[in-house]
Every structure is written in structure tokens, then in C-alpha cells.
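A quick write-up on the structure given underneath.
In this text the structure is predicted, and so the values were computed from the model without any measurement. Chain identifiers are assigned alphabetically (A, B, ...) following the order of the sequence lines, protein sequences preceding nucleic acid strands; residue numbering begins at 1 within each chain.
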Amino acid sequence: MDVRVRYAPSPTGYLHIGNARTALFNYLFARRHGGSFIVRIEDTDVARNVDTGVEDQLSLLRWLGIDWDESIDKEGGVGPYRQLDRLEWYRHYAEALIESGMAYRCYCTDEELEAIKREQEASGADRFHYPRRCLDKPEQDAPYAIRFKVPDATRYAFDDLIKDTVTFQSEDIGDWVIMKRNGIPTYNFACAIDDALMKISHVLRGEDHITNTPRQLMVLDALGFKRPIYGHMPLIVDKDGRKLSKRSGSVLQYISQFKERGFLPEALFNFIALLGWSPDAKAEVFTPGALVERFDENRLSGSPATFDAGKLHYLNHQHIQRLELDEAVALCRPFLESEGITEDKDPAWVRELVSLLQERLDYGAEIVDLYHAFFKGPFTLETEAREFLAATDGAATLLGDLKGRLQALDTFDADAIKQAIKQAGKATGMKGKQLFMPVRIAISGRMKGPDLPRMISLLGRETVLQRVSKTLDTLE
RNA sequence: GGCCCGUUGGAGAAGCGGUUUAACUCACUAGCCUUUCACGCUAGCAUGCGCGGGUUCGAAUCCCGCACGGGUCACCA
């Protein structure tokens, strides 16, 4: 069987982590099995469509490293790939269903429907089913929707790739609308028709679609189409176990937000692949290519996947460590520039800064925080640092000696600075922690930080001398 | 409320009836490394698999009931 899978976004918003996950798994599945990955645009909700929705989502997909074989920009013989361009198909099949008695025109107005629903609610019914009021109505010259006539006492069961056998009873589903009054199909109808016409072999989607499946099966069966194999992936939930939504606290959930904060596409790809799936391995850090090789649909999980920001940071950190210095600089520079940090600095300085901080970076934007923490913030001695200095005999002498040496240096680079520190140590009899810690404190005010000589060089002679003087003042 | 799905440590998660004394990863803790921090390495971290029954020589793994959590019930997708 030819593997053909699809990702079917609706251009009603931005690329959400949940949609990205659906796209990613379909992509992995297709690539793993040498099949085709299709992106179909489901734009049948005319009122909610956003102008830039399609292009925004597609470009973010590309950014993530997900490409496709067929879509609106790549004809594959079963197009068009935008549902509004396929209306004739839906109308054709809807008419066919009416003719065969499996669907009927419904002339009820919104007000009438609303009244029916209220009535049913008042009567305490569990199910709100359309009462087939228009089933035998003669054709009239009035706007109408088309409803699918749900078969009586029919069992709709399917072997889900992830959930095993899932069963629904037709009694639980009322006659639903397949074509809206505006002549546009509803989601479940268009989706079923397109999956069939586009020869989709497997449908991998979120579990929130599981109750849509019986409706789609009805359409497929009624029209004599072959059913694809379905696989419903667990929902992505927040820390509280709820489906990720706008209300899920401070969790970032749109792909663009991760991109803007300096997360790497390959790290996000890695992270998303772990949402509801686990590799048969003792590691979790993988490149997209390695994930394609390792992907195995049998290892898809059936229980909810918790969005764990800590894990995302860890994975992104790991991927950043694997970056070449030039790549890390490219990742960080925009954030430094937008903060004005690079204004009076040359490229070599920026390169050295990134080189020094790369190993502690979780995401690109963090370079700014680290810069401020170690280089910029107002110079004050932390309590612990002040106490350490006060308790170190000869600290003042050492700093005074070092200050002179730093002033005299021809070139203010890390090597020369390191030599100066060592010489100062020799001259004053200080070494090891007794030597480096007072220097670190005098220069940064803190007990911890990046490699000292390199940091001093980056800080620049003027700032360093000022800080040493200020520290010396507090020692008197 | 009806229907559907799920429930393994602080978190993700492996496990598919018997070499499981419950992998692996994150977080956390301790130690090592290092001038400090970070990185890296090592070790520790569920007497227990929502609860109660049952099937079986044997169950986290199969069955039933209950509880809890979630999803879904649109002329939205």
C-alpha cells in the first residue's frame, strides 16, 4: 500500500504546538515509510479565515524542517489542495447522497433549530438530535442545508493505530449537516471526501478528532469509498492536565513565539517528537534526520502528553551546544543588537562573548540576560563576595598589584591578562582560590561566572580598572 | 448528562502475562572535575504501577466494577 498522509490545517490562526505536532508525526510517518506527505488547506470556515493564515503556517512548518510533497504550491495530481477550490466535488457527492436517499435538504432556520434544542434540553434528554423534521419535505424554493441521514442501529468500529478498537453507535449521532446553507461543506464531510479522493492511506490526528471519526466513516461507507487507517494521538496537556489552550498560564504555545525567543528549529522538532511518542533508545537528543530513521508508529502513546517547559529548555540547550560558533553567533546576534549591546563593539567582541556564554545558554534570547548578569548590571559586591574578600588576608595588596599590571599591559587580551594574574599571585604569594576569587570578586562583584581572563578582556580595560578601584575603596 | 479516551516516581516515559530486585530522560540531592559557576562524569531518588474485585501456578500487563482526569456532543475545524 502506498503510504499517503496529510496535515490539514485551517487558516484561522497561527501555528500552534498541537498542530505542529500533528504535522510532524505525519511527516515522520511519511518519510519513514517512503510515502507522501500532503498539506491540504481546510478553509471552509469562511468567517474565521485569516488572510495571512496559510502563508504564516506554511513558512513556520518549513522553518521547523518539515517539507511536503503535495500542496497548494506543489501539484500532485489530486488537487486542488484548498477546499474552497474543490466545492464542485462536495456538491456532486452531496447531490449523489440526496439521490440515493442517504441525505436530505433541511429548510430549518437558525431560530427554529435553536427552539428545538431548547425544547430537548428542557425535556432533560441526553442527546440533542435533529428530529428529522425536514426528512420528507418536498423541495422548495428556499435556502437549505443538507443533512446526512444517519443509518439506524449501525455500529461504527475502527481499529485505531493508537487506541486499538474504538466503537460508536449510530444512535448517539443525530442527522448532521454536510453542506451549510452557504453552499460550503462542513468539516467532517469535506474531510472524508478529500481523504478518499486524495487517496490518503493513514490519518494521524489529535484525539480531539476521535468523535469525528464515525461521521467521516458514514460518509465514506455511504459513497463506497475505502476507509483510511486512523490513529488518534493523545492530547498535549498543561501542568494541570488540561488541553493546552490560551488559558494555560504562561506556557508559550505558538511556534512563532519559540522562534522569536531563540529556540532552534531542530530542538523544537526534537521536543515535539517526544510529545506522545518515545524512542526505543537510552537518549532523547536527536536530530530531525535521526528521528525520521527511528520513528515507529507502534511506539506512539495513548495517554496525554504533558508539555514540560523544563524538558524543552534542556533539549534546546543540548542542540545549542552542538552548534558551530558561527551558528551560535547567528542565533544570538539579533537579541544583542535589539538591546543595543553590540553598538560600539566589533564582530570579534561579539564572537568572543557568544563563545564564552554558549555553554550556559538555554535559548537565544537568554544571551541578553547572561550579558547583563556578568557584564553590565550596576557594579556592587554581593554579600557573600564582600565577606570572602574581608576574610582573605592580602586581598588588597593583591588587587593593588594586579591593577598596576593590568594598566601596564600592551594588549588587553585573555592570554596577557591570565599572565598578569599569575604574576600578581607570584608577587604577593597568593595562588589557587586565594588568587582567583578576590580577582573575580573585584571585577564582577560575584563569586561565580565565566572564565575570568576572557571575561576581563571582554569587559575592557577601563571598566575593569574602575571596578578594581571601587573594590579597593571598600576594603579600606 | 450521553458517548469516547486515559490513569506507572516531583515531571516525561519504557513495559504488550514469567531473567522487572519496575528501563531510559528531565528535575532534584550528593560526590568528582574546575580558580568559581556552567559543562561533563559518577551515585542516590516508585517495597510500587488510581481503588476494589476476578482470571491465572504467576498481573503494571487480561476481565469486571468504582473513582478521578480529559475530550466531544455546532450550518467551527
Quick one: which protein N/O atoms are closer than 3.5 Å to N/O atoms of nucleotides 14-16 of chain B? Pair and distance per line, please.
unit_1 : atom_1 : unit_2    : atom_2 : d
A14(B) : OP1    : Ser278(A) : OG     : 3.4
A14(B) : O3'    : Arg299(A) : NH2    : 3.3
G15(B) : OP1    : Arg299(A) : NH1    : 3.1

Exercise. How close do Val464(A) and Leu459(A) get, heavy atom to heavy atom, and via which atoms?
Worked result: CG2-CB, 3.7 Å

Problem set entry | Nearest-Å distance once atom P is located in both U21(B) and A46(B) | 16 Å

Exercise. Can you list the residues that meet the ring-ring contact (aromatic ring centres under 6.0 Å, His included) rule with Phe271(A), with sequence neighbours excluded?
Worked result: Phe307(A)

Problem set entry | Neighbour count above 12 (heavy atom, 6.0 Å) for Gln140(A) CD | yes

Exercise. Given atom CZ of Arg294(A) and atom P of C24(B), what is their separation to the nearest angstrom?
Worked result: 16 Å

Exercise. Quick one: do Lys311(A) and Asp308(A) make a salt bridge, cutoff under 4.0 Å?
Worked result: no

Exercise. What integer number of Å spans the C1' atoms of G12(B) and C75(B)?
Worked result: 41 Å

Check nucleotides 60-66 of chain B against the protein and report each pair of N or O atoms closer than 3.5 Å, with its distance, or say if there are none.
none

For this session: Assign a letter to each nucleotide of nucleotides 70-77 of chain B from its 5' end: B, base within under 4.0 Å of a protein heavy atom; S, sugar-phosphate only; -, no contact.
Result: SBS--BBB

Problem set entry | Residues which pass side-chain contact (heavy atoms from CB on, under 4.5 Å) with Ala96(A), listed by chain and number, not counting sequence neighbours | none

Exercise. With no hydrogens and no angle check, is any side-chain donor or acceptor of Arg261(A) less than 3.5 Å from a backbone partner on Gly364(A)?
Worked result: no

Polar atoms only, N or O, under 3.5 Å: list the protein pairs with nucleotides 35-39 of chain B and their distances.
unit_1 : atom_1 : unit_2    : atom_2 : d
U35(B) : O4     : Asp451(A) : OD1    : 2.9
U36(B) : O2'    : Met447(A) : O      : 2.9
U36(B) : O2     : Arg440(A) : NE     : 3.4
U36(B) : O2     : Gly449(A) : N      : 2.8
U36(B) : O2     : Gly449(A) : O      : 3.1
U36(B) : N3     : Arg440(A) : NH2    : 2.9
U36(B) : N3     : Gly449(A) : O      : 2.7
C37(B) : O2     : Arg360(A) : NH1    : 2.7
C37(B) : O2     : Arg360(A) : NH2    : 2.4
C37(B) : O2     : Gly449(A) : O      : 3.0
A38(B) : N3     : Glu359(A) : OE2    : 3.0

Problem set entry | Any donor-acceptor N or O pair under 3.5 Å, side chains His319(A), Tyr314(A) | no

Seminar exercise, completed: Encoded 5' to 3' (Watson-Crick or G-U under 3.5 Å; [ ] crossing; | other strand), RNA chain B becomes ((((((((.[[[..)..(.....]]].(((((.......))))).....[[[[[..)....]]]]])))))))....

Exercise. Run the ring pair (Phe, Tyr, Trp, His ring centres under 6.0 Å) check on Phe263(A) and His313(A) step by step: do they pass?
Worked result: CA-CA 9 Å; Phe263(A) 284 88; His313(A) 282 196; 5.7 Å; yes

Exercise. If we take the C1' atom in both A60(B) and G6(B), what is their distance in whole Å?
Worked result: 15 Å

For this session: Would you classify Lys163(A) as touching base, sugar-phosphate or nothing, given that sugar-phosphate means primed atoms plus P, OP1 and OP2, and contacts are heavy atoms under 4.0 Å?
Result: sugar-phosphate

For this session: Report the residues that fulfil ring-ring contact (aromatic ring centres under 6.0 Å, His included) with Phe189(A), sequence neighbours left out, ordered by chain and then residue number.
Result: none

Exercise. Would Asp43(A) and Arg86(A) pass as an ion pair if we require N to O under 4.0 Å?
Worked result: no

Exercise. Near Tyr14(A) OH, under 6.0 Å, is it more than 12 heavy atoms from other residues, nucleotides or ligands?
Worked result: no

Which side-chain N or O atoms in residues 353-361 of chain A pair as donor and acceptor under 3.5 Å with protein atoms at least two apart or in another chain?
unit_1    : atom_1 : unit_2    : atom_2 : d
Ser355(A) : OG     : Arg454(A) : NH2    : 2.7
Gln358(A) : NE2    : Ile320(A) : O      : 2.9
Gln358(A) : NE2    : Leu323(A) : O      : 3.2

Exercise. Salt bridge (charged side-chain N to carboxylate O under 4.0 Å, His left out) between Arg440(A) and Asp451(A): does it pass, once the steps are laid out?
Worked result: CA-CA 9 Å; Arg440(A) 176 175 294 285; Asp451(A) 183 71; over 6 Å; no

Problem set entry | Separation between the P atoms of G9(B) and G48(B), rounded to whole Å | 12 Å

Exercise. Expressed in angstrom and rounded to an integer, what is the separation of Asp308(A) atom CG from C26(B) atom C1'?
Worked result: 6 Å

For this session: Rounded to the nearest angstrom, tell me the gap between atom OH in Tyr156(A) and atom C1' in C4(B).
Result: 17 Å

Problem set entry | Integer angstrom distance from the C1' of A22(B) to that of C16(B) | 15 Å

Seminar exercise, completed: Applying side-chain contact (heavy atoms from CB on, under 4.5 Å) to Glu139(A) and not counting sequence neighbours gives Arg105(A), Tyr107(A)

Show me the side-chain donor-acceptor pairs of residues 143-151 of chain A shorter than 3.5 Å, one per line, residues at least two apart or across chains.
unit_1    : atom_1 : unit_2    : atom_2 : d
Arg147(A) : NH1    : Asp175(A) : O      : 2.8

Problem set entry | Between P of A11(B) and CG of Leu274(A), the distance in whole Å | 18 Å

For this session: For Ser301(A), enumerate each residue passing the side-chain contact (heavy atoms from CB on, under 4.5 Å) test, keeping only those at least two apart in sequence or located in another chain.
Result: Ser303(A)

For this session: Can you tell me the distance, in whole Å, between the CD1 atom of Ile162(A) and the P atom of C4(B)?
Result: 19 Å

For this session: Using atom NZ of Lys311(A) as one end and atom C1' of C28(B) as the other, report the distance to the nearest whole Å.
Result: 14 Å

